Amino acid sequence: MFPDAHCELNHSNPFELLIAVVLSAQTTDASVNKVTESLFQKYKRPEDYAAAPLEELERDIRTIGLYRNKAKNIKKLCEILLREYGGEVPADRDELMKLPGVGRKTANVVVSVAFGIPAIAVDTHVERVSKRLGICPWKDTPLQVEETLMKKVPKEEWSITHHRLIFFGRYHCKAQSPKCTVCPLFHLCREGKKRLKTT
DNA sequence: AACTCGGGGCA
DNA sequence: TGCCCAGAGTT
């Protein structure tokens, strides 16, 4: 889930946001954005996904990575939404995490972006940047990273913090080639100093 | 903790 | 054209 997507998404529609974020797992937002316009034209409500044959839904999102899993998950997810939640997206992280294809990271994005509930979504960028900066130990799980960040950041800034860290990680503090020599945070970054010494 | 699922971006 | 990237679920 890259930050680009948040700009294109309809924040006032939790259902579309949920579908888009589920589609985004392990793929670039550019590829998700290619299908969402036509997808949201065709499928408006959970009923529409639930009624569609699986093969048809697969075809409609074919260009996205892991599309078979995602089609299956989305169809099931919509059936559960209809059966258990009156067709509405629950504004609750733990309820969202019961849905197939929705893990903690996706659930945190949905509650924070769609419902304004303070949450820190820990994806690989947030995790990597937090660890490089020394905010938390390398051995921490994503959940531990989330808890540490929640302790260190005021609640009002949780959501914007994960946006900032995702941006920073995606475009600047990249996994393979971080731009340490021109990094504004170099003076407080453990990993940056280590990396520049060895190069 | 390791593996699987699949396509896009970039070297 | 092959390597690296990005979550969730299962074992």
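Convention: sequence-line order gives letters A, B, ...; per-chain numbering from 1. Since the structure is predicted, the reported quantities are computational estimates derived from the model, not experimental observations.
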Please classify the nucleic acid contact of L99(A) as base, sugar-phosphate, or nothing, using heavy-atom distances under 4.0 Å. sugar-phosphate
How far does the P atom of dT11(C) sit from the matching atom of dG6(B), given to the nearest Å? 16 Å
Can you tell whether the side chains of D48(A) and K42(A) come within less than 4.0 Å, N to carboxylate O? no
Specify the separation, in whole Å, of atom NZ of K174(A) and atom C1' of dA6(C). 15 Å
When rounded to whole Å, the CD to P distance for the pair E146(A) and dG7(C) reads 14 Å
Could you tell me how far apart K105(A) (NZ) and dG9(C) (P) are, to the nearest whole angstrom? 13 Å
Could I get the full list of ring pair (Phe, Tyr, Trp, His ring centres under 6.0 Å) partners for Y67(A), not counting sequence neighbours? none
Considering every strand and a 4.0 Å limit on heavy-atom distances, what is the contact class for P100(A): base, sugar-phosphate, or nothing? sugar-phosphate
Whole angstrom value for the distance that separates C1' of dT4(B) from NZ of K72(A): 12 Å
Check the distance between dA1(B)'s P and D140(A)'s CG and give it to me in whole angstrom. 12 Å
Residue that, paired with F15(A), satisfies ring-ring contact (aromatic ring centres under 6.0 Å, His included) out of Y49(A), Y43(A), F40(A): Y49(A)
Taking only nitrogen or oxygen atoms into account, show me every contact under 3.5 Å that the protein makes with nucleotides 6-8 of chain B, one pair per line with its distance.
{"unit_1": "dG6(B)", "atom_1": "OP1", "unit_2": "R68(A)", "atom_2": "N", "d": "3.3"}
{"unit_1": "dG6(B)", "atom_1": "OP1", "unit_2": "N69(A)", "atom_2": "N", "d": "3.4"}
{"unit_1": "dG6(B)", "atom_1": "OP2", "unit_2": "R68(A)", "atom_2": "NE", "d": "3.3"}
{"unit_1": "dG6(B)", "atom_1": "O4'", "unit_2": "L66(A)", "atom_2": "N", "d": "3.2"}
{"unit_1": "dG6(B)", "atom_1": "N2", "unit_2": "Q26(A)", "atom_2": "O", "d": "2.8"}
{"unit_1": "dG7(B)", "atom_1": "O3'", "unit_2": "T63(A)", "atom_2": "O", "d": "3.0"}

Expressed in whole Å, how much space separates the P atoms belonging to dA11(B) and dA6(C)? 15 Å
With a 4.0 Å limit, can you tell me whether S24(A) has a side-chain N or O closer than that to the phosphate oxygens OP1/OP2 of dA6(C)? no
Tell me the closest heavy-atom pair linking K174(A) and R132(A), and the distance in Å. O-NH1, 2.7 Å
For residues I64(A) and V35(A), determine if any side-chain heavy atom of one lies less than 4.5 Å from a side-chain heavy atom of the other. yes
Show your working on salt bridge (charged side-chain N to carboxylate O under 4.0 Å, His left out) between K152(A) and E146(A) and close with a plain yes or no. CA-CA 10 Å; K152(A) 299 196 176 185; E146(A) 182 183 328; over 6 Å; no
Output the rounded distance in Å from CG (L96(A)) to C1' (dG7(C)). 16 Å
Find the distance Y171(A):OH to dC10(B):P and express it as a whole number of Å. 10 Å
Under a 4.5 Å cut-off applied to non-hydrogen side-chain atoms, are P178(A) and R195(A) in contact? yes
To the nearest angstrom, the CZ-P distance between R104(A) and dA6(C) comes to 20 Å
Residue Q176(A), side-chain atoms from C-beta onward, closest of dG7(C), dA6(C), dC4(C): dC4(C)
A175(A) side-chain proximity, nearest of dG7(C), dC5(C), dA6(C): dC5(C)
